[in-house]
Amino acid sequence: MRAYDHQKIEKKWQKEWEKSGLYRSTEDTSKPKSFVLDMFPYPSGEGLHVGHPKGYIATDIVSRHARMQGKNVLHPMGWDAFGLPAENYAIKNKVHPRVAVEKNIARFKEQLQKIGLDYDWSREINTTDPEYYKWTQWIFLKLYEKGLAYESFEPINWCPSCQTGLANEDLDGNVCERCGTVVEKRPMRQWTLKITDYAERLLKDLDLLPEWQEHIKESQRNWIGKSEGAILKFEIVDSRKETIEGIEVFTTRPDTLFGATYVVIAPEHPILRKIKFTNTAEVLVYAKKAATKTEIERTTEGKEKTGVKLEGIFAINPATNEEIPVFAADYVLAHYGTGAIMAVPAHDERDKQFAQKFNLPSTEVVTDILKNSGEFDGLTSEEAKAKITEKFGVAKITYKLRDWVFSRQRYWGEPIPIIHCEKDGIVPVPEKDLPVKLPEVEHYEPTGTGESPLAAIESWVNTPCPKCGGVAKRETNTMPQWAGSSWYYLRYMDPQNDTALVDSAKEKYWAPVDVYVGGAEHATRHLIYARFWHKFLQDIGVVSTPEPFTRLVSVGLIQAEDGRKMSKRFGNVINPDDIVETYGADTLRIYEMFMGPFTEAIAWKTSSLIGARRFLERVWRLEQQLQTTNYSLQTERILHQTIKKVGEDIQNFKFNTAISQMMIFVNEAEKSGLSKEQYRDFVALLAPFAPHIAEDIWHELGNKTSVHIASWPRFNEKKLLTDEVTIVVQVNGKARTSLLFPRDVAQADVEKAAQEAAAKWLLGKVPDKIIFVPNRLVNLVLA
RNA sequence: GCCGGGGUGGCGGAAUGGUUUACGCAGACGACUUAAAAUCGUUACCUCGUAAGAGGUUGUGGGUUCGAGUCCCACCCCCGGCACCA
């Protein structure tokens, strides 16, 4: 018998597949399409560890299965190579980011190819390729044209370690997601994208995505943070009761208006600098102090409320016409709602704490229904919300989602295609001049000044104004890490096109992505940004669907054997190259898919890996069990069960149970023998999981073309069932024994036999009731 | 605090309301071998019992049902998202 030499086999078939272009995708409109996508990696310097390929193996199985079902498959791969990880690596290792990225990509690609993934490498993309980022810049110009990209000067999150501004999405709480440093607030000029214009669609269209996992949709809902409420206007009066100003508050509880006993304004609110009160100096000191507090201080002070009363003025509760005091306090956030609230201590925990500290009155106005609320007494909260809003204000919806801070003061990113002209102000780079290429620089370290290192390259910065030809400078900020990944799936459809982002016929054929697999950590980052850009691209006619990804499956992390994250820092990294070398790519693939449910996090265990290898060796040895004459009916039945289950399980990403069913088949085939046809069908089922060994056996069985373009085996419904069934005999719901009957045996026959078999437990009594479940069980019930 | 997902042998895990622990890892015993590895076979939830067997068991406590890991109620614990967001 031939030995199972995984190294020889895997090398041989990988070469063969590449030579024959087996996995090339074409726009073959005669066939149904299947676009299977992985979140593309950023090529870090550490190379892959065994956790990375888990998702790629899954999409590989799904795409191979689709191909065998006669679908036209697009399963591409590329590199998300701009951004902080690549740049920080480059700085640390003192190599140019471009050089580092090229090297890392080569390494990643080599590692991926060893695993035998069916990527169409002719469609490989790289976000740092000018031919690619030309279109990232083009999208920015379109956003600018539509008023969705704007310059702003608001204080934003600044990472003192990465020395750049960040978007809210780049934070974990109040630390930089990349480096873990606590961020500061820093006012600076920046480019911002108006994602908030799309908040409602991003939220509502989650309903168009029944095939997304609920927790991802839930994260996005939380992140968008929609609140429905009202804006109510309170007059501000001085001590002579003369109106000096009005202030708007936002509330989700307009029904509690009669219980509003004071008003709180955020310390940053401009009205504090506009109106006069007797203790202006004290208030401004408080405001200044609040502004310098970091988020950490504001939230870790035990939520002890602080604030200062605005002396000499009052607000008028529009419902009660009572004069109520006004405070500045930092528990009210300037950037949410209107930056001011009506405080209802009886019905809000925070207001209650503040009221207790400052000894303020509290009026209960809602129990089951409204009370102490004048004409609204007796209404339910829901009724009162509508009526009070109507009478005293306007309905208003707010979102927690903030506009996307889109500029980075770093070198390694797409240049923002904008020119600042002394005369014409902001002038977009004309489309024909794209791409604006990232220039070569000697020093690419961040400057920390709020300018990117590009600002120092005068020959690049100084450029004539496209409009007037006069003196102008280029925008020197670059785009964030997430820009290139916000639309890359479209480029795979048409990677070489230099006249359009994507040919519309190709887009109509491939879109949307059928299955998208990647890490759950992208729920509120990449996946929100990509949905935003996609909707924008739909609005300008580039794409034809409302959502980019029909189905989203998040891959569960593979942790190190010690239960921690696999990281060079902990010295617990397992390199897939070593596993491929020693056990083979097919073993690695089977093991990773067999470990447990695909979406769950799970610890790597090298000692369990051997089970996957043993399984493949037993598959290999089945050749010895081949029978030329009569074949086992048992084997045939389990084969058909296996065909059914493996097909269904692949659809449902239940690879672990698909593999265990294949193991059950092998156990049976070893015991009872199998025919050549049965072996052939089984190898076809195995092919998506272990493509090399399957291909090798397939050819050994005399097939001349690849197993990977063979037809997926069909099962016969009639062959799934046994002729005999085991019927469980229960007495009072407790299993006592079991009996063998022909399938579909009559109830009366079973009842009779069961009572005899269970005589011992019936104690001579006759059952009061008999429950019969055909082909499954009989339950003899004694009262 | 709000929301989402979980809790089953020594371990990873399976299980349309119908014999809990499939499949695999680790273990024990046996076969083959001069020996070991590999391979094959047997065994294996817990308690009591020499055994035949009996009883118990899916985080805890209730409920529905002939029958509950699965459905309902309450609680405990773990993982994830949001969070002074009005």
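So that the names make sense, note that chain A is the first sequence line, chain B the second, and so on, each numbered from 1. What you see is a predicted model; the values in this text were computed from it and never measured.
- If you take atom P in A26(B) and the same atom in U19(B), they sit 29 Å apart, rounded to whole Å.
- Side chain to side chain, Tyr331(A) and Gln353(A) fail the donor-acceptor criterion of an N or O pair below 3.5 Å.
- Checking C3(B), G24(B), A14(B) against every side-chain atom of Glu218(A), the shortest atom distance belongs to C3(B).
- Of the candidates G55(B), C23(B), C84(B), G55(B) carries the atom nearest the Arg736(A) side chain, counting heavy atoms from C-beta on.
- Between the P atoms of A14(B) and A86(B), the separation comes to 39 Å (whole Å).
- The separation of A15(B) from G9(B), taken at their C1' atoms, amounts to 15 Å, rounded to a whole angstrom.
- Residue Tyr336(A) places at least one side-chain N or O under 4.0 Å from the OP1 or OP2 atom of A86(B).
- Rounded to an integer number of Å, the gap from Lys226(A) NZ to G81(B) P is 25 Å.
- Among the nucleotides A86(B), U19(B), C25(B), the one closest to the side chain of Arg614(A) is C25(B).
- Under the 3.5 Å distance criterion, the side-chain polar atoms of Thr398(A) are left unmatched by any main-chain donor or acceptor of Gly337(A).
- Remark: G80(B) base-pairs with C3(B); criterion is Watson-Crick or G-U wobble with both hydrogen-bond distances under 3.5 Å.
- Rounding to the nearest 0.5 Å places CG of Leu203(A) at 8.5 Å from CZ of Arg531(A).
- Of the listed nucleotides (G81(B), C23(B), C40(B)), C40(B) has the atom at the smallest distance from the side chain of Arg618(A).
- When both pairing distances are held under 3.5 Å, G55(B) makes a Watson-Crick or G-U pair with C46(B).
- For Lys400(A) against C82(B), a side-chain-to-base donor-acceptor contact under 3.5 Å is absent.
- For Asp348(A), counting side-chain heavy atoms from C-beta on, the closest listed nucleotide (A86(B), A22(B), G18(B)) is A86(B).
- Applying the 90° criterion around 0 to the glycosidic angle, G12(B) comes out anti.
- The line from CD1 of Ile727(A) to OG of Ser738(A) is 10.0 Å long, rounded to the nearest 0.5 Å.
- Note on Trp761(A): only backbone sugar-phosphate atoms sit closer than 4.0 angstrom, heavy atoms only; bases stay farther off.
- Val781(A) comes within 4.0 angstrom of sugar-phosphate atoms only, judged by non-hydrogen atoms across all strands, and of no base.
- Proximity of Lys734(A) to the phosphate of U20(B): no side-chain N or O atom is located under 4.0 Å from OP1 or OP2.
- Of all nucleotides listed (C66(B), C82(B), G24(B)), G24(B) comes nearest to the side chain of Met663(A).
- Rounded to an integer number of Å, the gap from Ile590(A) CD1 to G24(B) P is 13 Å.
- Thr657(A) OG1 to Lys645(A) NZ: the interatomic distance, rounded to the nearest 0.5 Å, is 4.0 Å.
- Comparing A86(B), C40(B), C23(B) by their nearest atom to the side chain of Thr251(A) picks out A86(B).
- In terms of polar N and O atoms assigned as donor or acceptor, the side chain of Asn222(A) never comes within less than 3.5 Å of the base of C82(B) in a complementary pairing.
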Filtered N/O pairs between nucleotides 5-13 of chain B and protein, under 3.5 Å:
unit_1: G12(B); atom_1: O2'; unit_2: Met595(A); atom_2: O; d: 2.5

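- The separation between Gln661(A) atom CD and C23(B) atom P is 10 Å, rounded to whole Å.
- Of the candidates Val619(A), Leu686(A), Ile57(A), Leu686(A) is the only one forming a side-chain contact (heavy atoms from CB on, under 4.5 Å) with Ile590(A).
- Side-chain proximity of Leu777(A) to the nucleotides G18(B), C23(B), A54(B) is greatest for G18(B).
- Checked against the 6.0 Å centroid threshold, Tyr591(A) and Trp604(A) count as a close aromatic pair.
- Comparing Glu670(A) and Asn779(A), the nucleotide of RNA chain B nearest to each residue sits closer to the 5' end for Glu670(A).
- No cation-pi contact links Lys400(A) to Tyr336(A), judged by a cut-off of 6.0 Å to the six-membered ring centre and 45° from its axis.
- Proximity of Tyr262(A) to Phe354(A): side-chain heavy atoms (C-beta onward) are separated by under 4.5 Å at one or more points.
- Contact annotation for Leu780(A): no contact, since no heavy-atom pair falls under 4.0 Å across all strands.
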Can you check nucleotides 45-47 of chain B for protein contacts, nitrogen or oxygen pairs under 3.5 Å, and list what you find?
none

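- Distance check: Thr587(A) OG1 to Leu616(A) CG gives 4.5 Å after rounding to the nearest 0.5 Å.
- In terms of position along RNA chain B, the nucleotide closest to Lys769(A) lies nearer the 5' end than the nucleotide closest to the other residue of the pair Thr338(A) and Lys769(A).
- Nearest nucleotide to the side chain of Phe250(A), out of G24(B), A86(B), C66(B): A86(B).
- Contact check on Arg221(A) versus Glu214(A) returns a salt bridge, with a Lys/Arg side-chain nitrogen under 4.0 Å from an Asp/Glu carboxylate oxygen.
- Atom CZ of Arg525(A) is separated from atom C1' of G80(B) by 13 Å (rounded to the nearest Å).
- What separates CZ of Arg621(A) from C1' of A38(B) is a distance of 9 Å, to the nearest Å.
- Nucleic acid contact for Thr726(A): base, since at least one base atom lies under 4.0 Å from a heavy atom of the residue.
- The side chain of Ile341(A) approaches A86(B) more closely than any other nucleotide in the set C23(B), C25(B), A86(B).
- Across the strands present, G67(B) finds no partner; the criterion is a Watson-Crick or G-U wobble pair with both atom distances under 3.5 angstrom.
- In this structure, Lys671(A) reaches neither bases nor backbone, as no heavy-atom distance under 4.0 Å exists between it and the strands shown.
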